[in-house]
Structure formats: C-alpha cells, structure tokens
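A short worksheet on the structure shown next.
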Number of protein chains: 2
Amino acid sequence: MKEIDQGAEHNTVKERILKEALRLFSEKGFEGTSLQAIADAVGIQKPSLIYHFPSKENLRQNVVESLIVYWKNELPRMLTTSQDDSNRLVSTMTSLVNFFMEDVNRARLVVREMIDRPEETFSVLNEHVSPWTRLIGDYLRMGQQGGIYKKDVDPNAYIVQVMVMVVGTVAMGTVISGMVSASTDISHGPLIKELVRIVQASLYADKK
Amino acid sequence: MKEIDQGAEHNTVKERILKEALRLFSEKGFEGTSLQAIADAVGIQKPSLIYHFPSKENLRQNVVESLIVYWKNELPRMLTTSQDDSNRLVSTMTSLVNFFMEDVNRARLVVREMIDRPEETFSVLNEHVSPWTRLIGDYLRMGQQGGIYKKDVDPNAYIVQVMVMVVGTVAMGTVISGMVSASTDISHGPLIKELVRIVQASLYADKK
DNA sequence: CCTACCGATCGGTAGG
DNA sequence: CCTACCGATCGGTAGG
C-alpha cells in the first residue's frame, strides 16, 4: 500500500519478477523455465505473473530489454571514464568484464539469446550495440594510422572477437576455469588475466 | 530387412535418431526439444524412440558421447598431421575451426552443455579433452623456453581462451558476423581470419 | 517398430 | 494479486 519507496530499488513486484526471471532464464534457459518456477521464486501465484507480463514471451522480451537499458547507461560511462588515451580501450574492456562478472547470468543470457534466437538478437545488438562498436572501430583505425596499433588488425572483426572472448569466458567460466587451475569456479583469475594479455598483445604494435 | 550395409553410414535408425537429436538439441536446446519433434524428424513414432534410447536424458548423453568419440578420433590426427614444428599449433587450431564449422551444431551443443550443465560438462572435458590440452601445454612451455613464444603467455589459460574463441565464434557466428560485414551469416570469413591473427599475434615472440 | 493410453505439467484464461 | 479451471503437450508405459 505504501507508495513512498515505490521506484527505489528492487522492491516492486514487477522488478522482483524481472530479477528472478533473468536468473532462471540464464540458469535453465527459456524453455527450461516454467512460469510456475518463476512465480514460486517471487512468492506469488502463476496467474499474477500474467497480470504483470501478458505472456511468457513478453516477459522474456522485458528481461532482455532490462539488460539492454543497463548497457546503454553503463557503456557511455565506461568509454568516457577512462582518462588517458592509450589505455582507454583496455580499461573499457575491463569495465565490460566487470559488468558481466558482477552477475554471471548476464553473460549466460546473452549467449543463450544468440544461440536460441540469432536473427532477433542480431537486430537488438545492431540497434543498441553497433553504434558503440562503430565508435570504437573509428578509434581503432585512428590508432592504426598513428602507429600505436598493429596495421593488420581488422578493427570491426577485432572488436567482435573481443566481445566473444569476454562474454564466452564469463558465461563458460565455471567449466573452463577448472581446466586451467584447480578451483572449479569463481573469479577465474588466471583466465581473465590471460584474456587481457591476449587482447593487448594482439592489438599494440611491436616496438621498433 | 537388408543387413548388408547395416553399419555403413548414417543408415541405421539409431544413427538417424542421434543425428536429428544433435541438430534439434543444438538449435532449440534440450528442454526446447520434445521427443515428438525428434520422432517426427526421423519419421518414426515417439515410443519407438524410447525403444532405442530408454529416456530423453539417456538420448542426450548418447548425443554428447557421439561428439566426444568423434573428437577423440580427430584430435590426435590433427596434432600429428601437421608436419613442421613451428606451425603445428596454428594448423591444429585451423583443423579445430574446420571441425566445428563443418557442422555449426557441434559448437552450439558444446556451448549449451557448458551453460546448462557446467559440472557434468567439466567432468566430461576433464576426462576426454584435458589430456590433449595438457600435451599442447607442454609443447607451449617448450616453445617458450626456446624463445619462439612470448614468455608472459600463460599456457593453460591461453589454450582454454583459444578454445573459447573458436567455439564461441562458430556458435554465435550467425549473429556476430552480421556485425562485422554485411552478410548476416555463413562462412564468417573476416571473423575467422581475425581469430587466427589474434591467436598468432598473442603467442609468437616479437622479433628482436 | 506400432497403437493406445497415462499422470503431470505446460502456458494461459475467467472472473473476481 | 488470488482461486478455479482449461486444452494441449510433455516424457514415458503397456502390450504387442
């Protein structure tokens, strides 16, 4: 009844639904998650879900959109925060890694969406992410002419490959970190470290 | 009735089931694929599936195993075929890329299994793939001491990251190739080319 | 490999 | 946001 802290944090039922749906869709997949399971996690009845989101498909779209919104707010901040020019790319990528590691489910959902609905996901990325990758692409091309980046780097392909590595490493981290060190999961330190090294070593021109 | 070419190609019902199940599990996911859909694709009735594979879960395990078996036959061949020492790693990776691109569903299934069943997938990889990654790791360490590979490469992490890139690029190729060039899919030429470049540039030591 | 069939669960509606 | 309910489909069994 209280409307004082209505839009404050993750308090509203709608926000709690989105949160639990993101988690379950990421962990078990869209088809592997029932509306009943989401309702149970939130602590309401199934038809109450349908009151907030008219269908399961509509709920999925809203979950994806909530991620996109987060992205569109964070990415500009990542790109501008980094002060010095030479390290801007690496620090942006580090922010990207942190964004996904903050909640591994974000990376998993992105990977799932790409595989489950390639065409739709392409449209979404093309609309909301491509502007930024194009910007970084221009920045890369400038650096190439200035001689600080390798000349044989394919800017567009490079950016996409970095994204594949970041999102792939975080999404599959639980599995693959066990293959590099003993710990079966969490933080995957050596993996992220090597990821950053590969991204840098394949970009910066050799010192002459 | 004819038993002449019984074990020849993809002729037996069991093999046809495995083939269609791999395709559907890869495209729609395990939970998104019904036994009815598989039966329809094969052209038999649902209970006939259960005759060959006692449960859906059992069928999934057999699909995964069929991939593993393929792997265990191909990987040694990849590693030995490459003649000259210096390019062995790159040619092995190229074979790996070809293996997954031959049938994109292989890469998609691997990614799905990693996200859907992290612990189980780790066990499978640890048993059947780790021996080979360890071998390549030793080879990398030797090359490092010989000075042909960068000293700051983390061999184990590097190998895993290369696998993430390969499998990720192929699995998500349909989506991401559209972001680098106009073509919405197929062959993803520039992506694979950049992938190979990154793998090489981040490995080989700078010429002094 | 098929027909016939089962209990359980699915997404979603009616109506309040 | 709830109770009551629906047709369709799920994985799987019985029995041949």
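Chain letters run A, B, ... following the sequence lines, proteins first, then strands; residues in each count from 1. As a basis for the values below, the full set of heavy atoms in this structure was taken, side chains included, without hydrogen atoms, waters or symmetry mates.
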Quick one: does NZ or CZ of [X] land under 6.0 Å from the six-membered ring centre of [Y], within 45 degrees of the ring axis?
{"X": "R117(B)", "Y": "F30(B)", "answer": "yes"}
{"X": "R60(A)", "Y": "F53(A)", "answer": "no"}
{"X": "R106(B)", "Y": "F99(B)", "answer": "yes"}

Using five pairs at either end of the helix from dC1(C)-dG16(D) to dG16(C)-dC1(D), determine the angle between the two local helix axes and round it to 10 degrees. 0°
Criterion salt bridge (Lys or Arg N to Asp or Glu O under 4.0 Å) on R23(B) and E27(B), from CA distance to verdict: CA-CA 6 Å; R23(B) 184 178 63 81; E27(B) 287 174 359; 3.5 Å; yes
The nucleotide from dC1(D), dT3(C), dC1(C) with an atom nearest the side chain of Q45(B) is dT3(C)
Write down the distance between CD1 (I17(A)) and C1' (dC1(D)), rounded to a whole number of angstrom. 10 Å
Would you say the side chains of [X] and [Y] form a donor-acceptor pair under 3.5 Å?
{"X": "E15(B)", "Y": "T12(B)", "value": "yes"}
{"X": "R108(B)", "Y": "T174(B)", "value": "yes"}
{"X": "Q61(B)", "Y": "E57(B)", "value": "yes"}

Across nucleotides 5-16 of chain D, 5' to 3', mark each nucleotide with B, S or - according to how protein heavy atoms within less than 4.0 Å reach it. -----SBBB---
So do the side chains of I50(A) and L35(A) get within less than 4.5 Å of each other, counting heavy atoms only? yes
